[in-house]
Amino acid sequence: MMGFGLWRLFTTAILLFHGFCIAEKAPNYTFMHEATLAPEVSYYDYIIVGGGTAGCPLAATLSQNSTVLLLERGGSPYGNPNITNLDAFGEALSDLSPSSPSQRFISEDGVISARARVLGGGSCLNAGFYTRASPLYVDDAGWDGLLVNESYRWVEKKVAFEPTMRQWQSAVRNGLLEVGVTPYNGFTYDHLIGTKVGGTIFDVEGHRHTAADLLEYANPNGLTVLLHASVHKITFRIKGKERPTAQGVVFRDASGIKHRAYLKIGPKNEIIVSSGALGSPQLLMLSGIGPKEHLEAHNISVVLDLPLVGEGMSDNPMNAIFVPSPNPVEVSLIEVVGITRYGSYIEAASGKNFNSISLQRDFGMFSPKIGQLSTVPPKQRTPEALAKAIDAMQRLEPAAFRGGFILEKIMGPISTGNLLLRNKNPNDNPSVTFNYFKEPQDLQRCVDGLKIIENVIESKSFSQFRYDYLSLPVLLNMTANAPVNLLPKHANVSISLEQFCKDTVMTIWHYHGGCQVGRVVDTDYRVLGVDALRVIDGSTFNYSPGTNPQATVMMLARYMGVKILKERLEGQ
């Protein structure tokens, strides 16, 4: 019966545990308002579109000596009953309503993912791991190392913490060292080959801190934050100009009322798009900047033919193995990482026995309401089907819910795809293709990473958290049979790690590209061929930085904010 229960768990629970933001007490942000309270027309030095992982630190920085409007399409992370802490992460993923902090999308590859729709952005939706980019990445980007380090420290004072290591994470750490992912680098934010304990945006009490907390740095007299403000397009001055010049934005509030915000007259005033890897290229296209033929096909007036908008889309593929445990495990998200020399990263997360509050509701992160965890296909996810699935889960013995995931993801990746508009509605998801494992080197890195995971599971250090009778082929096949994506399945994938990689690929929410440096923006993140317009966020990355990008996205926003302020002062 135990084996059957574990198998049933796999059909509902195979995914990296994932969290949403929380704060014990909302900060006194006097500058934060609902967009319904905004005037019909307003004027600012800077208009930032997207109050996410980049937008918040950027707005806080620019507000020091300028007037800044920050437009966020979602709501506040503070006090939202659907936004949870470390002990209940996953409930927000169950929320498929229009007010949810996450918006689900499915790539053309058949992989289910989510994008942020909340102040604080992806830092409210991720597993919390905080780690810097490598020095090589910083050098390749052409960033100033001193300002980079100062910007990381600025972020870390508010949102980064050392995790409290417990049994599961310690076993994974020791297992990595035992199988040769060395040296041991201890606790550090730095990106170093070997095994380390990284930072986390969860504090010692399990409360999440997000990019929205960086608004505590803001000058309240210089900043206006509008929530539920959906930007439909950027407007440009074209007549009498050698190049199109961004002049304002059109946005709608929660009631559908249209508002316009314009830049004040001034040579340094700018619109900055920080809407993320999906939102930024989408907004450029909706505003008339992108591939001419594609824009014309959607009856969008072409402001500038910029063919590489939406190109270079990538997502770090993740593959995970669930390890049922004979012993209770703590609730943990990502705390340890093994950084291999060949470009695979090994991480882990663990859950707990869900025999209490979650069983009385809808199983939290195991909920059939959550697309990636569900045995119920999205189109069949009716209330009756959900009730039936939950009832079936209630019949499982509590021990079936013990265990954790060991996952691998790959550096880069090299494989890329593209993004295209489906329609002209900015609230709808665009079409995006990532082409997971299109390049053989990406697939080989996945295989190499899975071999490390196999060795960790069989290591002496990890022995207390595995059943001896569940062999690795059994674990692999159980994982492959779970509905982790919408791809077709193959029988007995344990005999081919390449096939396992392809069949069980999931997102790690590190998608990037679409507005890359050298293709859409220059090295100062100005959109090529256009004045008074920049893009500053993960859409500009050619590769995902470090093992997890959120620290570098926040750093980059602070970094560029400081540079922009310096340019402004020098121009006076």
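Nothing here was measured: the structure is a model prediction, and the numbers come from that model.
The CD1 atom of Ile410 sits 9.0 Å away from the CG atom of Asn319 when rounded to the nearest 0.5 Å. To the nearest 0.5 angstrom, Met411 atom CE is 9.5 Å from Asp442 atom CG. Distance check: Leu146 CG to Ser151 OG gives 9.0 Å after rounding to the nearest 0.5 Å. Summarising the geometry, atom CG belonging to Asn316 is positioned 9.0 Å from atom OH belonging to Tyr436; distances are rounded to the nearest 0.5 Å. From Glu347, atom CD reaches atom CD1 of Ile453 across 10.0 Å, with rounding to the nearest 0.5 Å. Here the CG atom belonging to Asp315 is positioned 3.5 Å from the OG1 atom belonging to Thr507, to the nearest 0.5 angstrom.
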| task | Check the pair Arg534, Glu567 against salt bridge (charged side-chain N to carboxylate O under 4.0 Å, His left out), reporting the backbone distance first and the verdict last. | result | CA-CA 14 Å; Arg534 300 195 206 218; Glu567 292 172 5; 3.0 Å; yes

Exercise for review: Decide side-chain hydrogen bond (donor to acceptor under 3.5 Å, both in side chains) for Thr200 and Glu335; before the verdict, give the C-alpha distance in whole Å, the side-chain angles of both, and the deciding distance to 0.1 Å.
Suggested key: CA-CA 7 Å; Thr200 177; Glu335 297 176 2; over 6 Å; no

TODO: Apply side-chain contact (heavy atoms from CB on, under 4.5 Å) to Ser301 and Val303, showing your working.
DONE: CA-CA 6 Å; Ser301 298; Val303 173; 5.8 Å; no

Quick one: do Ile47 and Leu263 satisfy side-chain contact (heavy atoms from CB on, under 4.5 Å)? Show the steps, please. CA-CA 7 Å; Ile47 299 171; Leu263 295 176; 4.0 Å; yes

Legend entry - Trace of the side-chain contact (heavy atoms from CB on, under 4.5 Å) decision for Leu286 with Ile300: CA-CA 7 Å; Leu286 292 175; Ile300 297 172; 4.3 Å; yes

### Task
Check step by step if side-chain contact (heavy atoms from CB on, under 4.5 Å) holds for Leu284 and Val535.
CA-CA 9 Å; Leu284 290 187; Val535 178; 4.2 Å; yes

Open item on the list: If you apply the rule salt bridge (charged side-chain N to carboxylate O under 4.0 Å, His left out), what do you find for Lys563 with Asp524, and how did you get there?
Closed with: CA-CA 9 Å; Lys563 289 193 66 174; Asp524 287 318; 3.4 Å; yes

- [ ] Starting from the C-alpha separation in whole Å, work towards a yes-or-no answer on salt bridge (charged side-chain N to carboxylate O under 4.0 Å, His left out) for Glu408 and Lys451.
- [x] CA-CA 10 Å; Glu408 68 80 34; Lys451 290 177 180 177; over 6 Å; no

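Side chain of His191 to backbone of Thr131: no donor-acceptor contact under 3.5 angstrom is found. Ser275 contributes a side-chain N or O that, together with a main-chain N or O of Val49, makes up a donor-acceptor pair within less than 3.5 Å. Side chain of Asn185 to backbone of Lys196: no donor-acceptor contact under 3.5 angstrom is found. A donor-acceptor contact shorter than 3.5 Å links the side chain of Arg208 to the backbone of Ser123. When atom types are taken as modelled, the side chain of Gln64 and the backbone of Ala60 share a donor-acceptor pair closer than 3.5 angstrom. Remark: side-chain polar atoms of Thr182 are not paired, donor with acceptor, to backbone N or O of Tyr184 under 3.5 angstrom. Side chain of Ser63 to main chain of Asn219: a donor-acceptor pair is present (N/O by atom type, distance under 3.5 Å, no hydrogens or angles). At least one donor-acceptor pair closer than 3.5 Å links the side chain of Asn126 to the backbone N or O of Gly128. Using modelled atom types, no side-chain atom of Tyr525 and backbone atom of Leu533 make a donor-acceptor pair closer than 3.5 Å. Within the 3.5 Å criterion, the main-chain N or O of Asp144 finds a donor-acceptor partner in the side chain of Tyr559.
Side-chain atoms of Leu278 and Leu419, non-hydrogen and from C-beta on, do get closer than 4.5 Å to each other. Looking at Val520 and Leu306, their side chains come closer than 4.5 Å, going by heavy atoms from C-beta outward. Using a 4.5 Å heavy-atom threshold, the side chains of Val517 and Asp522 count as separate. Put simply, the side chain of Leu295 reaches to within 4.5 Å of the side chain of Met285, judged on heavy atoms. Within the 4.5 Å cutoff, side-chain heavy atoms of Leu223 are placed close to those of Leu215. Side-chain contact between Ile48 and Leu62: present, with at least one pair of heavy atoms (C-beta onward) separated by less than 4.5 Å. In this structure, Gln516 and Thr540 have side chains that are not in contact, with every pair of non-hydrogen atoms separated by 4.5 Å or more.
Using modelled atom types and a 3.5 Å distance limit, the side chains of Lys268 and Ser66 yield no donor-acceptor pair. Side chain to side chain, Asn435 and Ser415 fail the donor-acceptor criterion of an N or O pair below 3.5 Å. Counted by atom type alone, His228 and Asp253 present zero donor-acceptor pairs between their side chains at under 3.5 Å. Using a 3.5 Å distance cut-off with no hydrogens or angles, the side chains of Thr67 and Asp45 do pair a donor with an acceptor. Lys409 and Asn548 share a donor-acceptor pair across their side chains, judged by distance under 3.5 Å alone. A side-chain donor-acceptor contact under 3.5 Å links Arg568 and Asn269. Side-chain contact of Asn427 with Ser230: a donor-acceptor pair under 3.5 Å is present, judged by distance alone.
Taking both residues in full, the closest heavy atoms of Val118 and Glu72 are given as N-OE2, 3.3 Å, listed atom of the first, atom of the second, then distance. Considering all non-hydrogen atoms of both residues, Gly199 and Pro163 come closest at CA-CD, 4.4 Å. Among all heavy-atom pairs drawn from Ala133 and Tyr152, the shortest one is N-OH, 3.0 Å. Heavy atoms only, all atoms of each residue included: Thr61 and Gly561 are closest at CG2-C, 3.5 Å. The nearest pair of heavy atoms linking Cys124 to Thr210 is SG-CG2, 3.6 Å. The two atoms that bring Val505 and Leu487 nearest to each other are CG1-CD1, 3.8 Å, heavy atoms only.
Pairs passing the disulfide (SG to SG under 2.5 Å) check and including a residue from residues 411-452, sequence neighbours excluded, read Cys446-Cys501.
Only one option out of Arg115, Gln282, Arg104, Arg422 pairs with Asn429 in a side chain to side chain donor-acceptor pair (under 3.5 Å); it is Arg115.
Between His510 and Tyr345, the ring center distance fails the sub-6.0 Å criterion. Tyr511 has its ring centre less than 6.0 Å from the ring centre of Phe105. Ring pair His209/Phe161: centre-to-centre distance below 6.0 Å.
Between Tyr130 and Tyr189, the angle of the ring planes goes over 60°, which puts this pair in the perpendicular group of the 30/60° scheme. Ring geometry for Tyr29 against Phe31 counts as parallel: the plane angle stays under 30°, on a 0 to 90° scale with 60° as the upper cut.
Surrounding NZ of Lys264 are more than 12 heavy atoms belonging to other residues, nucleotides or ligands, all under 6.0 Å away. Counted within 6.0 Å of NZ on Lys158, heavy atoms from surrounding residues, nucleotides or ligands total more than 12; the atom is thus considered enclosed.
Remark: Asp109 engages Ser107 in a side-chain hydrogen bond (donor to acceptor under 3.5 Å, both in side chains) (not counting sequence neighbours).
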